[in-house]
Structures are given as C-alpha cells and as structure tokens.
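Please read the structure below before turning to the comments.
In what follows, every heavy atom counts, from backbone to side chain, and hydrogens, waters and symmetry copies are set aside.
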Amino acid sequence: MPLTANDPKRKTWLDTPTDTDFPIQNIPFGVFLTRDDIITIGTRIGDYAIDLGALHQLGYFKGIDLTDDIFLQDSLNDFIADGRKTWRLVRNRISDIFLEGNNSLRDNEEHRNKVLFTMDEIEMQLPVDVGDYTDFYASKEHAFNVGSLFRDPENALLPNWLHIPIGYHGRSSSIIPSGTPIRRPVGQTKPGDYAIPGFGPTKLLDFELEMAFITTDSNDLGKRVSINDAENYIFGLVLFNDWSARDIQAWEYVPLGPFLGKSFASTISPWIVTLDALESFRVEGPTQNPEPLPYLKQGKKKNFDIKLQASILPEGGEETVVANSNFKYMYWSMAQQLTHHTVNGCNVRSGDMMGSGTISGPTKESYGSMLELTWRGKNPITLKDGTQRKFINDNDTVILRGFCQNEKVRIGFGECSGKVLPALPF
C-alpha cells in the first residue's frame with residue numbers, strides 16, 4: 001500500500017510553523033482530554049490537535065473498515081491491534097482531509113469546531129495501556145562506558161553482549177506521560193564502614209536518553225517472529241526517559257538486575273510517531289562483529305537517523321543542553337530486539353513497549369546519561385546559570401527532544417519532560 005501521507009510535496013491548509021515537528025507528513029497518534037473533558041484518540045498537525053473520534057463520527061473515514069468506537073477510547077491499544085493495513089489507510093486518509101485543496105472539512109465551520117483544538121485547549125494522556133515493558137541495553141558505546149566505569153575498559157563488554165540484545169523486564173505501572181512530575185526515590189545504598197546499608201533519598205538521580213517502540217499483537221505463545229517480519233509488528237516510537245537512581249541500583253542489581261533503582265518512574269513523549277512516517281530516514285547501523293547468529297541476521301538500513309537532545313532546566317533558570325546523540329548509533333536494531341524477544345516463544349501484545357536502553361554516541365557530547373557525561377560525578381557539568389551538576393537536583397526539569405530532518409521534510413517527536421520533586425519525608 002503506497003504511503004501517500006509521506007509525500008514531501010504535500011502541504012496542509014492548516015496554518016503551521018515552518019519548523020514544526022508535526023508537518024502533514026508526520027501524523028502521529030496520541031490520546032488527549034478535550035476542552036469538554038472528553039478523552040479521545042487524536043493526531044496532530046502543527047499546533048493543532050485533531051479529534052479522530054469526532055472525524056469518524058462525522059463520516060470522514062467512510063470506506064475504511066473501522067468499528068464505531070475505535071477512536072472513542074482512552075488508549076490506542078485496539079487501534080494498534082488492527083494492524084498495519086488499517087494504520088496506513090487511516091494515516092493516508094487524515095493526510096487527504098487536511099491536504100491543501102481539499103475543502104470538505106476546511107469549509108465546514110461546524111465540523112471544524114468539533115474536530116480541531118489548539119494545543120493549549122487539551123491535556124495529553126498516556127497514549128497506550130502498557131501491559132508489558134522491556135528495556136534493552138543496545139547501545140555499544142553506552143555499554144562500554146558503563147562497563148569501564150564499574151569494571152575496567154579491558155572487560156567493559158561482557159562476553160554475551162556482542163551476541164544477543166540484552167534486556168530486562170521493567171515496571172509498566174510507573175510509565176508516565178511527559179509533563180508529569182516525579183518524586184526523588186528512596187532506597188537502600190551500598191554499605192559503608194560498618195557493613196550496614198545506607199538508606200534514604202537517592203543522591204545519584206540520573207536521566208537516560210532513550211527511545212521506545214510500541215508493538216502490536218505479533219505472535220501466539222510458543223511461536224516466534226522472524227527477523228524479516230519484525231518491523232510489521234512495530235507501530236511507532238516515542239521518546240523515553242528511563243529515570244535511574246544509580247546508587248540504589250548499584251547496591252541491588254546483583255544478581256537479578258535493576259529493581260527499585262529503575263521502577264519509580266519512566267517518562268514517555270505523548271505522541272507516537274509511526275514507523276511509516278520515518279521511512280525516508282533509514283540508515284545503516286554499526287557493523288556487527290562478530291556476525292550475529294542466523295536468526296538475528298537482518299537486511300540493510302534497519303536503523304533510523306533521529307537526532308536526540310537532552311537538556312536540564314533548573315527551577316527559575318535557563319535551559320542548558322547537556323547531550324546531543326542519535327538513534328542511528330544503536331548496535332542492536334529494533335527488528336533484532338523484537339526477534340530476540342520472541343525467539344523463545346514469548347508472546348508480544350498490542351501496546352507493549354520496548355525501550356532501547358541509553359543511547360550514547362562516540363563522543364562525550366553524545367553520551368546519553370549523567371553517569372557518562374560527568375564520568376560518575378568526577379567531571380561536573382556547568383549550567384548556564386553557573387551552577388554545576390554531577391547528577392540531577394531537586395526541582396530540575398529534564399527535557400528530551402528528537403527529530404529527523406533532510407532537505408525535504410522534518411519529522412519530530414515533540415518533548416519528553418519531567419520535573420524532579422523532593423523525596424517525601426519518611
């Protein structure tokens with residue numbers, strides 16, 4: 001099915017900024033609360049949110065096989081479960097409705113008033129009901145940096161890392177939408193001189209610059225997804241900040257991995273940008289050496305050129321960019337991650353989320369966490385207001401951004417932000 005919505009020559013009759021993350025070629029999907037306190041599934045073009053529930057009720061999706069209530073829900077799970085054919089038909093139709101020269105909605109004021117909202121009239125919600133969440137550890141540069149910090153450069157990568165996409169099962173209940181504040185977590189830390197663990201608020205609160213992909217129903221229990229089919233089951237991507245309490249994590253992670261140091265909060269951007277919208281930004285990934293086992297061998301251009309940025313905004317201060325990275329640095333691609341996830345017969349469902357793990361590049365400026373940027377606090381970062389950060393302070397807001405851009409079009413993800421509030425008194 002042709003992706004007519006991707007045509008870079010298309011223009012919309014809506015008034016949109018020239019540098020918007022959300023041109024008519026994007027058409028992401030999300031869930032929002034309207035000015036009438038109604039939750040609906042929608043999309044976005046420029047600075048307008050579009051109520052797809054209202055569009056459907058008004059007959060604009062005629063000819064597409066959709067249930068009456070498909071967009072009148074508080075999550076995208078059922079729509080995602082309808083599969084790629086439906087996603088493409090809907091996305092192409094939305095593009096046609098808002099295409100310059102199509103006057104059916106543009107010239108109908110009554111319909112426009114039901115369908116269109118400015119962004120300050122709505123409140124974004126979590127876009128999917130995340131049943132399961134897996135976090136991978138798929139950036140070679142990040143894995144090497146962390147291994148160097150906690151072991152030594154000679155043994156930075158453990159023997160299995162270059163053979164399998166490493167992951168762990170995360171906590172889905174604490175995944176929250178952008179703009180939701182988080183509390184500094186409390187927990188145990190490594191024992192001091194008297195062999196008694198410390199206890200209290202984390203002193204080493206960190207962000208992790210990640211992306212995450214959202215899946216549809218892909219396989220029955222006991223069956224697997226092949227590397228050639230994997231992308232057919234990926235709906236789209238979000239920005240992802242997998243907050244980490246490094247001192248809590250360091251004490252608890254042996255032998256079963258992250259627990260309280262990670263499960264207190266994970267922030268995602270509210271608009272899911274479809275894999276289809278990113279099609280023209282495919283690139284080759286890093287050379288994989290040694291060659292992966294046959295079930296993980298993939299075709300060309302399975303990575304995506306998505307520019308990523310992390311900033312710290314102190315309360316009442318000015319924002320400082322602390323990291324510039326790129327999703328193209330991922331050693332293990334999304335297709336490889338999903339294939340490996342199901343090779344043992346594990347079933348994946350609509351709305352499941354797979355985090356990339358921290359995305360770090362080859363230079364210090366492209367490291368995707370404070371752990372790496374300050375080298376475990378040894379090299380503090382100076383913000384624009386003159387204050388320094390080894391890790392994240394109370395009342396700091398961390399903001400992640402991401403976008404793709406070529407000479408024809410820009411496709412962005414908006415923001416993924418969260419403010420850190422002080423720990424609750426014990």
Side-chain angles (χ1 to χ4, degrees), residues 133-152 155-158 160-161 165-176 182-192 195-212 240-268 310 312 322-323 353-360 367-381 389-394 396 398 400 416 418 420-424 426:
Y133 149 51
T134 301
D135 194 32
F136 284 92
Y137 190 49
S139 162
K140 185 177 181 180
E141 289 83 359
H142 174 67
F144 180 84
N145 290 339
V146 173
S148 298
L149 280 166
F150 288 95
R151 291 184 293 276
D152 62 80
N155 300 291
L157 294 181
L158 294 174
N160 62 353
W161 199 93
I166 301 295
Y168 75 95
H169 191 219
R171 183 71 186 172
S172 61
S173 64
S174 53
I175 295 172
I176 53 178
I182 70 160
R183 286 282 178 185
R184 180 174 294 271
V186 170
Q188 290 192 28
T189 53
K190 188 176 181 179
I196 299 174
F199 181 78
T202 177
K203 296 177 181 178
L204 308 182
L205 183 61
D206 203 354
F207 69 83
E208 289 191 344
L209 176 58
E210 301 191 27
M211 299 205 72
F240 183 46
N241 181 357
D242 194 21
W243 300 91
S244 297
R246 300 296 185 185
D247 43 359
I248 296 173
Q249 183 180 353
W251 171 233
E252 72 182 5
Y253 84 102
V254 177
L256 294 181
F259 185 31
L260 301 186
K262 302 283 285 185
S263 63
F264 59 95
S266 300
T267 306
I268 68 172
I312 298 174
V322 296
M353 194 176 87
M354 314 279 179
S356 63
T358 304
I359 303 165
S360 293
Y367 294 168
S369 67
M370 294 295 282
L371 178 69
E372 299 164 88
L373 289 165
T374 69
W375 211 246
R376 211 177 182 182
K378 291 181 180 179
N379 306 308
I381 292 173
R389 295 293 186 277
K390 295 180 178 179
F391 288 89
I392 304 301
N393 288 358
D394 287 348
D396 284 347
V398 175
L400 308 185
C416 173
V420 177
L421 303 180
L424 289 173
F426 211 81

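Looking at Ser174, its side chain does come within 3.5 Å of a backbone N or O of Ser263 through a donor-acceptor pair.
Looking only at side-chain heavy atoms (C-beta outward), Trp251 and Pro197 come within less than 4.5 Å of each other. At least one side-chain heavy atom of Ile176 sits under 4.5 Å from a side-chain heavy atom of Ile182. By the 4.5 Å heavy-atom criterion applied to side chains, Met370 and Phe207 are counted as neighbours. Counting heavy atoms from C-beta on, the side chains of Leu209 and Phe240 never come closer than 4.5 Å. Here the side chains of Phe199 and Thr189 are not in contact, with every heavy-atom distance at 4.5 Å or above. With contacts defined as side-chain heavy-atom distances shorter than 4.5 Å, the pair Ile196/Pro191 does not qualify. Contact check for Asp247 versus Lys190: no side-chain heavy atoms found under the 4.5 Å cut-off. Side-chain contact check for Asn241 versus Glu210: every heavy-atom pair is 4.5 Å or farther apart.
Taking CZ of Arg183 as the reference point, atom CG of Leu205 lies at 13.0 Å (rounded to 0.5 Å). For the atom pair Met211 CE and Leu400 CG, the distance stands at 10.0 Å (nearest 0.5 Å). Remark: Leu371 CG to Ser360 OG distance equals 9.0 Å, nearest 0.5 Å. In this structure, CZ in Arg171 is found 8.5 Å from CZ in Phe259, a value given to the nearest 0.5 Å.
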Asn393 vs Asp396, side chain to side chain donor-acceptor pair (under 3.5 Å): CA-CA, chis, key distance, verdict: CA-CA 6 Å; Asn393 288 358; Asp396 284 347; 4.6 Å; no

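Judged purely by distance below 3.5 Å, without hydrogens or angles, the side chains of Thr374 and Lys390 never pair a donor atom with an acceptor atom. Remark: the Ser266 side chain and the Trp243 side chain contain no N/O donor-acceptor pair separated by less than 3.5 Å. Side-chain contact check for Ser369 and Glu208: no donor-acceptor pair (N or O, by modelled atom type) lies under 3.5 Å.
Among all heavy-atom pairs drawn from Gly368 and Thr358, the shortest one is O-CG2, 3.3 Å. Scanning both residues, Ser356 and Asp135, for their nearest heavy atoms gives N-OD1, 4.2 Å. Closest approach of Leu204 to Thr202, counting heavy atoms only: N-OG1, 3.1 Å. Here the closest heavy-atom approach between residue Gly261 and residue Glu252 is recorded as N-OE2, 2.7 Å. Taking all atoms of both residues into account, the shortest heavy-atom contact from Phe391 to Lys203 is CB-O, 4.4 Å. Among all heavy-atom pairs drawn from Pro185 and Ala245, the shortest one is CG-CB, 4.1 Å.
Under 4.0 Å is where a charged nitrogen must lie from a carboxylate oxygen, and between Arg184 and Asp394 at least one such pair does.
Around atom CG of Leu256, no more than 12 heavy atoms belonging to other residues, nucleotides or ligands sit under 6.0 Å away.
For the pair Arg376 and Phe150, the distance from NZ or CZ to the six-membered ring centre is under 6.0 Å and the angle to the ring normal is within 45 degrees.
For Tyr168 and Phe136, the gap between ring centers reaches or exceeds 6.0 Å.
Using bins of under 30°, 30° to 60° and over 60° for the plane-to-plane angle, the ring pair Tyr367/Trp375 lands in the tilted bin.
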